[in-house]
Amino acid sequence: MKDPLVTTVLVLAIGFCVAPVLAKAADEGAMSEQRVPMPMKRDHLFEERAGTWKATCDEMEENKVYCRMFHIEQFGEWKAKNFVQVGPAWTPDSVGFVVATYQGFKAGTTVTIGIDKHSRHKITAPKGNNLMISPESAAKILNEMEKGHKMVVTFNSHSGVRHLTLADLGSYKALLVKVKGHMAKNDQATNSE
């Protein structure tokens, strides 16, 4: 092997034969080291669906229960997936109402929420993709929802397209009874202290 040409050819031949095996082993080793652990599935204290509504309740600090309910509607807008999510959220001390959309609201758009033939609640949406309604307004909307049959939400999305969401409140009311049962645990926890 004193001939440098023969030595070079031999090393290259070995390299071409062994390199793919070594590369594959290195890739597999790197992949096993870099695998992202899958998040554990979060178990809710309560989770149930009825119609287009979903309710979840979770126990947080000091055994306090937090719940939310939402109607979700998915649709396509200019070949893009989009969704609108509408519904209340309860903490032990307060209630709020959320309207969210994946693509966001057009700056300054008016979000209207109406229940049956009641007057519409009008809120100017901030820049972003979700709107939190104050507890005072949320309480009025939720009171109307408990007695109502249909909810209508309208707004202009970030792209300027006018969106209309209709939600049946029959299945909402069926889930609401269960959510109120879980929220009552907050009163029980307070009374036992």
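Heavy atoms only: backbone and side chains are in, while hydrogens, waters and symmetry mates are out.
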- request: Answer yes or no: is there an ion pair linking E59 with K185, defined by an N-O contact shorter than 4.0 Å?
  value: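 No, this pair does not count.
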message: Looking at E144 and K117, is there a salt bridge between them, counting it only when a charged N and a carboxylate O are closer than 4.0 Å?
response: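 No, no charged N to carboxylate O under 4.0 Å.
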Closest heavy-atom contact between [X] and [Y]?
X	Y	result
V179	C67	CG1-CB, 3.7 Å
A100	N130	CB-CB, 3.9 Å
G108	T124	O-CG2, 3.9 Å

- prompt: Between F155 and F105, how do the two ring planes meet: parallel, tilted or perpendicular, split at 30° and 60°?
  reply: perpendicular
field: Identified side chain to side chain contact (heavy atoms under 4.5 Å, CB included) counterpart of I115 within the set E146, M145, K150
entry: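 Only one of E146, M145, K150 forms a side chain to side chain contact (heavy atoms under 4.5 Å, CB included) with I115, namely M145.
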task: State, with a plain yes or no, whether a side-chain heavy atom of V161 is found less than 4.5 Å away from one of N156.
output: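 No, their side chains stay 4.5 Å or more apart.
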message: Is any side-chain heavy atom of M69 closer than 4.5 Å to one of L176?
response: yes
Tell me whether the count of non-hydrogen atoms from other residues, nucleotides or ligands lying under 6.0 Å of [atom1] in [X] goes above 12.
X	atom1	value
R49	CZ	no
K173	NZ	yes
K54	NZ	yes

query: Side-chain heavy atoms under 4.5 angstrom apart, residues restricted to Ile, Leu, Val, Met, Phe, Trp, Tyr: same cluster for W53 and L45?
result: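 Same hydrophobic cluster.
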Shared hydrophobic cluster, F83 / F70 (ILVMFWY, side-chain heavy atoms < 4.5 Å):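 As far as the 4.5 Å side-chain criterion goes, F70 and F83 are connected within one cluster.
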- prompt: Please walk me through it: do K178 and E47 pass salt bridge (charged side-chain N to carboxylate O under 4.0 Å, His left out)?
  reply: CA-CA 10 Å; K178 295 176 181 180; E47 179 177 6; over 6 Å; no
Within this structure, what is the [atom1]-[atom2] distance for the pair [X] and [Y], rounded to the nearest 0.5 Å?
X	Y	atom1	atom2	value
L131	I113	CG	CD1	7.0 Å
E48	L175	CD	CG	5.5 Å
I141	M151	CD1	CE	9.0 Å
K64	M183	NZ	CE	9.5 Å
M132	S137	CE	OG	12.0 Å
H182	T56	NE2	OG1	10.5 Å

task: Under the side-chain contact (heavy atoms from CB on, under 4.5 Å) rule, what do H71 and T165 come out as? Steps first, then yes or no, please.
output: CA-CA 9 Å; H71 160 81; T165 293; 3.5 Å; yes
message: Is a donor from one side chain sitting under 3.5 angstrom from an acceptor on the other, for D58 and H44?
response: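 D58 vs H44: donor-acceptor pair found between side chains.
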message: Between T112 and T154, do the side chains contain a donor N or O and an acceptor N or O under 3.5 Å apart?
response: yes
message: Using the rule given for side-chain contact (heavy atoms from CB on, under 4.5 Å), can you reason through T52 versus D168, listing the C-alpha separation, both sets of side-chain angles and the distance that settles it, and then say yes or no?
response: CA-CA 8 Å; T52 60; D168 177 68; 5.8 Å; no
message: As a quick check of understanding, evaluate side-chain hydrogen bond (donor to acceptor under 3.5 Å, both in side chains) for S157 and H163, giving each step before the final call.
response: CA-CA 7 Å; S157 70; H163 185 75; over 6 Å; no
For residues 84-99, tabulate all N or O donor-acceptor pairs below 3.5 Å that involve a side-chain atom, not counting sequence neighbours.
| from | atom 1 | to | atom 2 | distance (Å) |
| --- | --- | --- | --- | --- |
| Q85 | OE1 | R68 | NH2 | 3.1 |
| T91 | OG1 | D93 | N | 3.3 |
| T91 | OG1 | S94 | N | 2.9 |
| T91 | OG1 | S94 | O | 3.4 |

- prompt: Under 3.5 Å, side chain of N186 to main-chain N/O of V65, donor-acceptor pair present?
  reply: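 Yes; judged by distance alone, with no hydrogens or angles, the pair exists.
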message: Checking the side chain of D116 only, and the main-chain atoms of H149 only, is there a donor and an acceptor separated by less than 3.5 Å?
response: yes
